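Note that ligands are numbered from 1 as they come in the structure, with each ligand's atoms numbered from 1 the same way. If you're wondering where the values come from, they're calculated on a predicted model, not measured in any experiment.
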Amino acid sequence: MINVGMMQFKNITDGRGDLTPIEATKDIPFEIKRIYYITGVQPKIRRGLHAHMYLHQVLLCLNGSVRVHTKTPLEGETFLLNNPLKGLYIGPMVWREMFDFSAGAVLLVLASEYYDERDYFRDYTDYEGVAKKFFGCEALL
Ligand code: T46
């Protein structure tokens, strides 16, 4: 799917446990300006429901599991995050919704920019209008 994809990180394991390094611009395709994490989400809760104009992010579920639905006017895909070695890259202009958080789920997010509410589309109709132009898909739909 355009601007969305799973990424595999390395696991350095020895008798003491596991270590996973993630280096900006080497293991992920951007500099990291911000990190945040989401915890304590009840099972019926849906988060996200927005898209970003410019932001690049990688989502990693470090403990437990969570599903992430991504969509654009052209396509959609749902990912299960349940492995701390696998991250979900989400680039600009992709709508995302996080749901089915398991008990104890820890969702870590690496972001390319500082927090800026002006970068958000929180209304799907507004998003869709701009996204159709962004993806050049008006003629296809
Ligand atoms: C995203 C998904 C995966 C801040 O003050 N700083 C921050 O860095 C962030 C991310 C949020 N906030 C504030 C804004 C809201 O008042 O925290 C509150 C909750 O944020 P929001 O409702 O946007 O949270 P989610 O879980 O719906 O979405 C978040 C990110 O905002 C978003 O970029 O892609 O996680």
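- Ligand-side atoms of ligand 1 in range of Gly48: 25 (P), 27 (O), range being under 4.0 angstrom from any heavy atom.
- Scanning the protein heavy atoms around atom 32 (C) of ligand 1, the nearest turns out to be His50 NE2, 2.9 Å.
- Environment of NZ in Lys10: sparse, with no more than 12 heavy atoms of neighbouring residues, nucleotides or ligands closer than 6.0 Å.
- Inside a 4.0 Å radius of atom 26 (O) of ligand 1 there is at least one protein heavy atom.
- Under a 4.0 Å criterion applied to the non-hydrogen atoms of Arg96, ligand 1 contributes the atoms 1 (C), 34 (O).
- At the shortest separation from atom 10 (C) of ligand 1 among protein heavy atoms lies Arg34 NH1, 3.4 Å.
- For atom 3 (C) of ligand 1, the closest heavy atom belonging to the protein is Met98 CE, 3.4 Å.
- From the protein, the heavy atom lying nearest to atom 12 (N) of ligand 1 is Tyr115 CE1, 3.7 Å.
- Residue-ligand proximity, His52 to ligand 1, at heavy-atom distances under 4.0 Å covers atoms 32 (C), 33 (O), 34 (O).
- Using a 4.0 Å threshold on non-hydrogen atoms, atom 17 (O) of ligand 1 does not count as touching the protein.
- Two rings, from Tyr120 and His52, have their centers less than 6.0 Å apart.
- The Gln57 neighbourhood of ligand 1 comprises atoms 1 (C), 33 (O), 34 (O), with distances under 4.0 Å to a heavy atom of that residue.
- Interatomic distance, Leu62 CG to Asn82 CG, rounded to the nearest 0.5 Å: 12.5 Å.
- Within the listing of ligand 1, atoms 10 (C), 23 (O), 30 (C), 31 (O), 32 (C), 33 (O) sit less than 4.0 angstrom from a heavy atom of Tyr120.
- For atom 1 (C) of ligand 1, the nearest protein heavy atom lies closer than 4.0 Å.
- With Arg96 contributing its side chain and Val94 its backbone, the two residues share a donor-acceptor pair below 3.5 Å.
- Note that Lys71 lies in the cation-pi zone of Tyr124, set by a 6.0 Å cut-off to the ring centre and a 45° limit from the axis.
- The Ile38 neighbourhood of ligand 1 comprises atoms 26 (O), 35 (O), with distances under 4.0 Å to a heavy atom of that residue.
- Salt bridge annotation for Arg67-Glu97: absent, with no cationic side-chain nitrogen under 4.0 angstrom from a carboxylate oxygen.
- Phe101 is listed as a side-chain neighbour of Arg47, based on a closest heavy-atom distance under 4.5 Å.
- Atom CZ of Phe135 sits about 5.0 Å away from atom OG1 of Thr72, to the nearest 0.5 Å.
- Counting heavy atoms under 4.0 Å from ligand 1, residue Arg122 touches it through the side chain alone.
- Contact analysis leaves Glu117 out of contact with ligand 1, as no non-hydrogen atom separation drops below 4.0 angstrom.
- When only non-hydrogen protein atoms are considered, atom 19 (C) of ligand 1 lies nearest to Arg47 NH2, 4.0 Å.
- Taking atom 29 (C) of ligand 1 as the reference point, the nearest protein heavy-atom neighbour is Tyr36 OH, 3.7 Å.
- Ring geometry, Trp95 versus Tyr127: the interplanar angle falls from 30° to 60°, so the pair is classed tilted.
- Nearest heavy-atom pair, Tyr115 versus Arg34, reported as atom, atom and distance to 0.1 Å: N-NE, 3.2 Å.
- Using a 4.5 Å cut-off on side-chain heavy atoms (C-beta onward), Tyr36 and Leu110 make no contact.
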